[in-house]
**Student:** 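Right, I'll just put the structure down here and ask away after.
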Amino acid sequence: MEAWRLFKKSVNMVLFGTRGYYLWCAFLLTIIGVALTFYIDQLDAGLIVTNMRDQVSWGLYIGNFTYLVGVAAAAVLLVIPAYIYHFDPIKEIVVLGELLAASAIIMALMFVFADLGRPDRFWHIIPFIGTLSFPKSLLA
Amino acid sequence: MLSMGAMVGLSMGSISCTRDAVEEFLQKHFREMTEEEKKQVIRRLEAKYLKKYGKEFHISTQPADTGVLWGYGLDLSRCIGCRRCVYACVKENNQSRINPQLQWIRVIRLKKGSLINLENAEHYYNPETVPEPGFMYMPVQCQQCENPPCVRVCPVKATWTERDGIVVVDYDWCIGCRYCVAACPYKGRVFNWAEPNIPSAELNTGVHYLGNRPRMKNVVEKCTFCIQRVRQGRYPACVEICPTGTRKFGNLLDPNSEIRYLIENKRVFRLKEDFNTEPKFYYFFSA
């Protein structure tokens, strides 16, 4: 019951806002839509549309992935002064940090997924169903 | 699992929801298949290739013989840099010809006397005639390492070393992450950045599942010492075509083989030995 109320409250917060908020959301959704059309292009033609080649086989996708992982790690590390050293002034920022970390992680995962040549075979990497080579493969 | 497949299928547009597509989606790792399953997969693939290229393919799954470990020798004092091996390899192994153009062998040109200086090697040399005075040529391809970094990094075990020492890829299991391309110090792996482009008339139809069968887009591929040939007792295509006898090939476990003679009697070296990759590809100077 508590969880349901929290869910309803969050949905209300997400769905209703000022005019500026709607404009901002529309802007972001447009960007997502454009990106999605490009991604579908990439699925259709292959990774050749990224202009990567054998000489440079990892490009912006992986660059963004490593960058966002760093952002997420830094944001999460705010927890240490707040909850281990009990440094109170930082506690308000920690919430923001956690939100940033969550969104950065989601973006990082999406970048890795976009970098995969065969997303249709993604199940090969799921442990027990596929053949995840852990811990032999460092980044697996 | 199936719903995810259907979702991906819808978004890709090119996969229709037929039984073959579902079977293709659920196809197991090659090493986990039973003999019966292998036969089924081969039947499906042969039908698929017939439909796609209009040619009858014979896909072999011949396993490695015992007592065999393939090794390669390359005589640097003989190579003239003509690149005949490159094109023989492309023809034998059904690589994509153009857009993307894939080649498993790269011949690099070095100034004489600076063999150690690989940074200044030229891959795109293009003179009227070879050999050019003052230069030497060094073909580089997959070195079939005993301790291959590409195999270690693969997150889905889509590549492995066969018992006869050949590092192979299951093109139907590769997820196209290109981690192996990044890991290989020899640039031995190439990636199908787009749908391979081979004229139907030039297709080689005697293929091996782990070797030269036609690949699909967004998977990685590499030299397999012509697995389809050497397992039938023939030389790899590059050895056969070489006009100067630069390339040698044989069984490292056979004390009377040519390759063993070369290793014992010539000053051989292996490329980038300091990486501890233990290549089975020996370079040497005969003169």
Side-chain angles (χ1 to χ4, degrees), chain A residues 32-67 69 108-140, chain B residues 1-2 4-9 11-15 21 24-29 31-32 99-103 106 123 150-160 170-184 187-196 216-220:
Chain A
I32 293 173
V34 170
L36 213 60
T37 58
F38 279 116
Y39 183 61
I40 289 169
D41 252 20
Q42 179 187 307
L43 282 180
D44 210 35
L47 279 163
I48 199 161
V49 297
T50 62
N51 273 337
M52 288 189 278
R53 294 296 184 271
D54 287 330
Q55 285 86 346
V56 183
S57 58
W58 280 348
L60 266 182
Y61 287 144
I62 296 293
N64 275 330
F65 160 64
T66 50
Y67 169 70
V69 166
L109 290 175
M110 278 159 67
F111 269 118
V112 176
F113 194 77
D115 188 64
L116 278 190
R118 310 286 315 195
D120 52 325
R121 296 179 185 162
F122 184 76
W123 68 275
H124 295 176
I125 208 168
I126 301 168
F128 305 113
I129 304 170
T131 50
L132 182 72
S133 175
F134 180 82
K136 213 163 132 204
S137 172
L138 188 69
L139 294 183
Chain B
M1 218 65 266
L2 274 169
M4 197 182 81
M7 246 167 61
V8 173
S11 67
M12 287 182 80
S14 51
I15 298 178
E24 194 177 314
F25 177 73
L26 293 173
Q27 184 181 322
K28 281 202 221 164
H29 190 288
R31 288 209 284 184
E32 289 171 2
N99 280 334
Q101 184 186 39
L102 302 185
Q103 293 167 352
R106 289 178 312 124
H123 170 202
C150 52
V151 167
R152 219 177 324 148
V153 299
C154 181
V156 291
K157 303 181 187 168
T159 178
W160 64 92
D170 183 350
Y171 310 116
D172 278 331
W173 196 257
C174 171
I175 57 170
C177 71
R178 312 188 297 297
Y179 201 172
C180 52
V181 180
C184 176
K187 285 193 185 170
R189 286 172 171 257
V190 294
F191 191 68
N192 286 283
W193 294 97
E195 189 67 38
M216 56 295 279
K217 71 180 171 206
N218 289 340
V219 298
V220 87

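The figures here come from the full heavy-atom set of this structure, side chains too, leaving out hydrogens, waters and symmetry mates. Each chain gets a letter, A, B and so on, in the order the sequences are listed, and its residues count up from 1.
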**Student:** Go through B:C174, B:A158, B:A183, B:A182 and name the one with the most non-hydrogen pairs under 4.5 angstrom from chain A.
**Tutor:** B:C174
**Student:** I'd like to know if B:R178 and A:D54 make a salt bridge, using a cut-off of under 4.0 Å between side-chain N and carboxylate O.
**Tutor:** no
**Student:** Looking only at non-hydrogen atoms, find the nearest pair between B:V181 and A:S57 and report the distance.
**Tutor:**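 What the structure gives for the nearest pair is CG1-OG, 3.7 Å.
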**Student:** Verify the neighbour count for atom CG of A:L109: are there more than 12 heavy atoms of other residues, nucleotides or ligands below 6.0 Å?
**Tutor:** yes
**Student:** Can A:T131 and B:E32 be said to form a side chain to side chain contact (heavy atoms under 4.5 Å, CB included), step by step?
**Tutor:** CA-CA 10 Å; A:T131 50; B:E32 289 171 2; 3.5 Å; yes
**Student:** Name the member of A:K136, A:Q55, A:M52 that forms the most heavy-atom pairs with chain B at distances under 4.5 Å.
**Tutor:**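 Ranked by heavy-atom pairs under 4.5 Å with chain B, first place is A:M52.
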**Student:** Taking A:R118's backbone N and O only, do any of them form a donor-acceptor pair with B:K217's side chain (distance below 3.5 Å, no angle check)?
**Tutor:** no
**Student:** Evaluate the criterion side chain to side chain contact (heavy atoms under 4.5 Å, CB included) for residue pair A:R121 and B:D172; output intermediate values, then yes/no.
**Tutor:** CA-CA 9 Å; A:R121 296 179 185 162; B:D172 278 331; 3.6 Å; yes
**Student:** Please work out which of the three classes, parallel, tilted or perpendicular, describes the rings of A:H124 and B:W173, given edges at 30° and 60°.
**Tutor:**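 The arrangement is parallel - the two ring planes meet at less than 30°.
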**Student:** Identify which of B:M216, B:E195, B:R152 forms the greatest number of heavy-atom pairs closer than 4.5 Å to chain A.
**Tutor:**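 The option with the most such pairs is B:R152.
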**Student:** Dump the intermediate steps for side chain to side chain contact (heavy atoms under 4.5 Å, CB included) on A:S137 and B:Y179, then the final yes or no.
**Tutor:** CA-CA 10 Å; A:S137 172; B:Y179 201 172; 3.8 Å; yes
**Student:** What part of B:K187 lies closer than 4.5 angstrom to a heavy atom of chain A: side chain, backbone, both or neither?
**Tutor:** side chain
**Student:** Does any heavy atom of chain A fall under 4.5 Å from the side chain of B:N192, the backbone, both, or neither of them?
**Tutor:**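 Neither part; nothing is under 4.5 Å.
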**Student:** What are the two closest heavy atoms between A:L116 and B:C177, and how far apart are they?
**Tutor:**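 Heavy-atom minimum between the residues: CD2-CB, 3.7 Å.
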**Student:** Would you say A:D120's side chain and B:F25's backbone share a donor-acceptor pair under 3.5 angstrom?
**Tutor:** no
**Student:** Should we count OH of A:Y67 as having more than 12 external heavy atoms under 6.0 Å?
**Tutor:**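 Counting other residues, nucleotides and ligands, OH of A:Y67 stays at 12 neighbours or fewer.
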